[in-house]
Amino acid sequence: MGIFWDLLQQDELEKQQEQADSVEDRVKILEEELANTKALLKKTLIALETHLVKDIDGDGKTGEA
């Protein structure tokens, strides 16, 4: 019985490690997507402020980073 218990525990540990790895990978991808989205949003805001000649984000400037 002891060897089967050890095998079951080892299998469970491997499954948990795979899940942790996949979660870490997913978090990394999401962080990269968030950074890209924020950069695009900033570019869009600058273009919109420049086009409208209006301060949209309340920073006191129009069309500047």
Side-chain angles (χ1 to χ4, degrees):
M1 180 72 180
I3 193 165
F4 293 115
W5 181 251
D6 290 343
L7 289 172
L8 286 172
Q9 285 182 320
Q10 183 62 36
D11 182 57
E12 188 61 32
L13 288 172
E14 288 173 3
K15 285 180 187 176
Q16 289 177 1
Q17 185 61 49
E18 288 174 7
Q19 287 176 345
D21 291 343
S22 67
V23 167
E24 289 173 3
D25 291 342
R26 184 68 180 140
V27 167
K28 183 179 177 184
I29 290 168
L30 289 172
E31 287 173 340
E32 290 171 0
E33 288 178 0
L34 176 60
N36 292 338
T37 301
K38 288 171 90 174
L40 179 60
L41 181 58
K42 188 170 189 169
K43 289 178 184 178
T44 304
L45 179 62
I46 290 169
L48 186 58
E49 283 186 346
T50 300
H51 179 72
L52 297 177
V53 190
K54 183 176 180 181
D55 179 21
I56 297 173
D57 63 358
D59 67 354
K61 305 172 198 170
T62 57
E64 296 180 29

Distance-only criterion, 3.5 Å: show the donor-acceptor pairs between side-chain atoms of residues 46-57 and protein atoms not counting sequence neighbours.
{"from": "Glu49", "atom 1": "OE1", "to": "Gly63", "atom 2": "N", "distance (Å)": "3.0"}
{"from": "Glu49", "atom 1": "OE2", "to": "Ile56", "atom 2": "N", "distance (Å)": "2.9"}
{"from": "Glu49", "atom 1": "OE2", "to": "Asp57", "atom 2": "N", "distance (Å)": "3.2"}
{"from": "Thr50", "atom 1": "OG1", "to": "Ile46", "atom 2": "O", "distance (Å)": "2.8"}
{"from": "Asp55", "atom 1": "OD1", "to": "Gly58", "atom 2": "N", "distance (Å)": "3.1"}
{"from": "Asp55", "atom 1": "OD1", "to": "Asp59", "atom 2": "N", "distance (Å)": "3.4"}
{"from": "Asp55", "atom 1": "OD2", "to": "Asp59", "atom 2": "N", "distance (Å)": "3.3"}
{"from": "Asp55", "atom 1": "OD2", "to": "Gly60", "atom 2": "N", "distance (Å)": "2.8"}
{"from": "Asp57", "atom 1": "OD1", "to": "Asp59", "atom 2": "N", "distance (Å)": "3.3"}

First locate atom OG1 of Thr62, then atom CG of Leu45, and finally report the distance between them rounded to the nearest 0.5 Å.
10.5 Å
Residue pairs meeting salt bridge (Lys or Arg N to Asp or Glu O under 4.0 Å), one or both in residues 12-34, sequence neighbours left out, come to Asp11-Lys15
CG (Leu8) and CD1 (Ile3) are apart, to the nearest 0.5 Å, by 11.0 Å
Supply the members, apart from Val23, of the Ile/Leu/Val/Met/Phe/Trp/Tyr cluster built from side-chain contacts under 4.5 Å; use none for a lone residue.
Val27
